[in-house]
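Below, read A as the first sequence line, B as the second, and so on, with proteins coming before strands; counting in each chain starts at 1. Values below: all heavy atoms of this structure, side chains included; hydrogens, waters and symmetry mates excluded. What you see is a predicted model; the values in this text were computed from it and never measured.
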Amino acid sequence: MGVVQPQVEVPGIEQDAYSPRRALRRFWRNKLGVVGLGIVAGFVLMALLAPAIAPYPPLATHFSHAFQAPSSRHWLGTDELGRDVLSRIIYGARSSLASGVLIVAIGVAIGVPVGLVSGYYGGVVDDVVMRLVDAALAFPALVLALAIAWILGPSLMHAVFAIAAVTVPQFARITRGQVLSARSREYVEAARCMGASPWRIMLQHVLLNAATPIIVVATLNIGGAILAVASLSFLGLGPPPPSPNWGSMLQDGSQYLNMAPWISLFPGLAIFLAVLGFSTMGDGLRDVFDPK
Amino acid sequence: MLTFIVRRILTLIPVAFIVLVVTFSLIHLTPGNPAYTILGEQASPQAVHLLDVKMGLTQPVAGQFIHYVGQVAQGRLGVSLLDGQSVMSLILTRLPVTLELAVLAVLLSLAIALPAGILAAYRPNTWVDSLSRVLALIGAAVPNFWLALLLVYVFAVGLHWLPSLGWIPLSQSVPGNLVHLVLPVIVLALPLAAVTSRVLRGELIEVMHLLYIQVARAKGISEWTVVMRHGLRNALVPVVTVVGLQIGALLGGVVITETIFSLPGMGQLVVNAIFDRDYPVLDGSVLFMAFVVLLANLCVDLAYAWLDPRIRYS
């Protein structure tokens, strides 16, 4: 038997304030948010169409073309092995975006249920979970991720796992905060009075209302996750060579900063733009849902 | 206040215990024998057995943990596998460098964030506010390792104004020390300033709508004085929290910055430990940094309670 959602008319508050259409209209009016969306869309297209738009294969080496400055043949120059920097950046978008999204997906998939149960039940469960979260957040995220990635061995999946491990507690804490404010609301009380089970209340009422801030934080965190993967790769704990990865490209190029700055400058620019895109898009979403 | 302090310290004990469990468990996350991870897959069985004995890995796990907690309680974080030096003494040797870097970075970030946040809040939704927002977004998004390379390329390689790497101790030469820290401090301070300025702007705008601000305005006090004397004091309370909570991120940034600029601090110790496969140094450093963050969080909470008495009674 389904639970009837209580329809409460609150005077003074527009009932369609958070309707998808209205939210979309407000988002389109937010210039920075739209710019962020444009940057993200550009990177997604770049990753999807990499084989079609990359001028050269990303792993093809031409020693005779090594260290070529940006030109009409190689728009962003070539690296120490004569590989085309632009092609490697285009292919690198695949692993960077995929790892960023995967890290946040793992963080949400584990952190949100943990925060939901902790916030809803409270008491000992909440105490235990929150102490675990406090302990996890005590570790500098990059340092703990470094240690985990080193122990597991350098690879993209291990880097993703290491960063996801430090992302989970962040989502648990955010969700718990949202649940704490939602669980005493009238609509939750109403559902409880109507005999809805705790799981139904948590999933259908509490989570649904807590979803917006979680989506905003998740969008903002994708940029942070891309940056973290690039940081681990820069320190040599990302995917092993020769796979095209922005962080390791930057690290390789830093050795030739004097003679061929383009090798490290352009991958860094790609990381910067990708992070900026997700940050501004997340900021735009936050402005839509929390106009304060 | 005393009750609040005691209560807050008591909540720290289980958290510190869990931190110990995590750092103890790190080595046990290794697929297969941890000694192989440290020595490499080509290591001989004798060498692996010797390392197992040296690190106490032949003992039952519960016994290992009790021994580990006992050692940490006495300030012993193990010994380096490279030269047998105490991990704690290695950390303490490198701590002043990291501490100086972090303190200067926080000071520079405040020097940027306070005027930027105040100006943005003083003229909200104007070009000043928009510029401050864009700069904050850029500051938060720029990868610190890329920014470091850009600064090195411009100021060290191009203009020859500043050294690209290296370190001179404060005791040897104050100007030499500071010159070597200019670029690393900028790299660490910018993301921190970006976050702090936006928090300050938000808080200040909220505070400026409160009743006592309207009273101050009604008295005819100039808008600038209202902002600086009445608004800023209250808006700064959450800023203290933000700066405190950024300590963890700052320590993460230190790892990258010290590696790029060859600064002999704790960050470089962590990275060297990884490349030297010196597990006790890595584990000890991670534990030490976690305790620093816990202590910083405690200080923030106490400062917050001191600044806002309502916290103590809630």
Report summary line: Heavy-atom closest pair (A/Leu257 atom, B/Tyr153 atom, distance to 0.1 Å) is O-CE1, 3.4 Å
Query - Side chain, backbone, both or neither of A/Leu32 within contact of chain B (heavy atoms, under 4.5 Å) - result: side chain
Query raised in the report: Rounded to the nearest 0.5 Å, how far apart are OG1 of B/Thr23 and CG of A/Leu144?
Result: 9.5 Å
Report task. Using a cut-off of under 4.5 Å on heavy-atom pairs, state which of A/Val143, A/Leu273, A/Leu137, A/Val133 scores highest against chain B. Result -> A/Val143
Query raised in the report: Counting heavy-atom pairs under 4.5 Å to chain B, which of A/Leu227, A/Leu265, A/Leu237 comes out on top?
Result: A/Leu265
Requested in this report: Would you sort out whether A/Phe234 and B/Asn144 count as a side chain to side chain contact (heavy atoms under 4.5 Å, CB included), showing the intermediate values?
Outcome: CA-CA 11 Å; A/Phe234 182 80; B/Asn144 48 12; over 6 Å; no
Query - Shortest non-hydrogen contact between B/Ile274 and A/Trp150, atoms and distance - result: O-NE1, 3.3 Å
Report summary line: Max heavy-atom pairs within cutoff under 4.5 Å with chain B, candidates A/Leu142, A/Leu132, A/Leu269, goes to A/Leu269
Report summary line: When the 4.5 angstrom heavy-atom criterion is applied to A/Ile226 and chain B, the contacting part is neither
Report task. Return the minimal non-hydrogen interatomic distance between B/Gly252 and A/Pro140, and the atom names on each side. Result -> N-CB, 4.3 Å
Report task. Select, from A/Gly224, A/Ser231, A/Ala145, A/Ser279, the one with the greatest count of heavy-atom pairs under 4.5 Å involving chain B. Result -> A/Ser231
Going by atom type alone, with no hydrogens or angles, which donor-acceptor pairs under 3.5 Å involve a side-chain atom of residues 282-300 of chain B and a protein atom two or more places apart or on another chain?
| unit_1 | atom_1 | unit_2 | atom_2 | d |
| --- | --- | --- | --- | --- |
| B/Asp283 | OD1 | B/Tyr279 | OH | 3.1 |
| B/Asp283 | OD2 | B/Tyr68 | OH | 3.1 |
| B/Ser285 | OG | B/Val281 | O | 2.6 |

Query - Residue B/Pro14 versus chain A: region with a heavy atom under 4.5 Å - result: side chain
Report summary line: Looking only at A/Ala228, A/Ala230, A/Gly153, A/Ala136, the option with the highest number of non-hydrogen pairs under 4.5 Å against chain B is A/Ala230
Query - Side chain / backbone / both / neither for A/Asp283 at chain B, heavy atoms under 4.5 Å - result: both
Report task. Please check if atom CZ in A/Phe161 has more than 12 non-hydrogen atoms from other residues, nucleotides or ligands closer than 6.0 Å. Result -> no
Requested in this report: Sorted by first residue and then second, give each salt bridge (Lys or Arg N to Asp or Glu O under 4.0 Å) pair with at least one member in residues 130-141 of chain A; sequence neighbours left out.
Outcome: A/Arg131-A/Asp134, A/Asp134-A/Arg173
Query raised in the report: Hey, is the main chain of A/Phe272 close enough, under 3.5 Å, to the side chain of B/Trp146 for a donor-acceptor pair?
Result: no
Query - CA sep, side-chain torsions, deciding dist, call: A/Leu276, B/Val142, side chain to side chain contact (heavy atoms under 4.5 Å, CB included) - result: CA-CA 8 Å; A/Leu276 188 70; B/Val142 68; over 6 Å; no
Query - Interatomic distance, B/Thr11 atom OG1 to A/Met130 atom CE [nearest 0.5 angstrom] - result: 13.5 Å
Query raised in the report: Using a cut-off of under 4.5 Å for heavy-atom pairs, which of B/Leu26, B/Val270, B/Leu250, B/Val271 has the most such pairs with chain A?
Result: B/Leu26
Report summary line: Under 4.5 Å to a heavy atom of chain A? For B/Arg277 that would be both
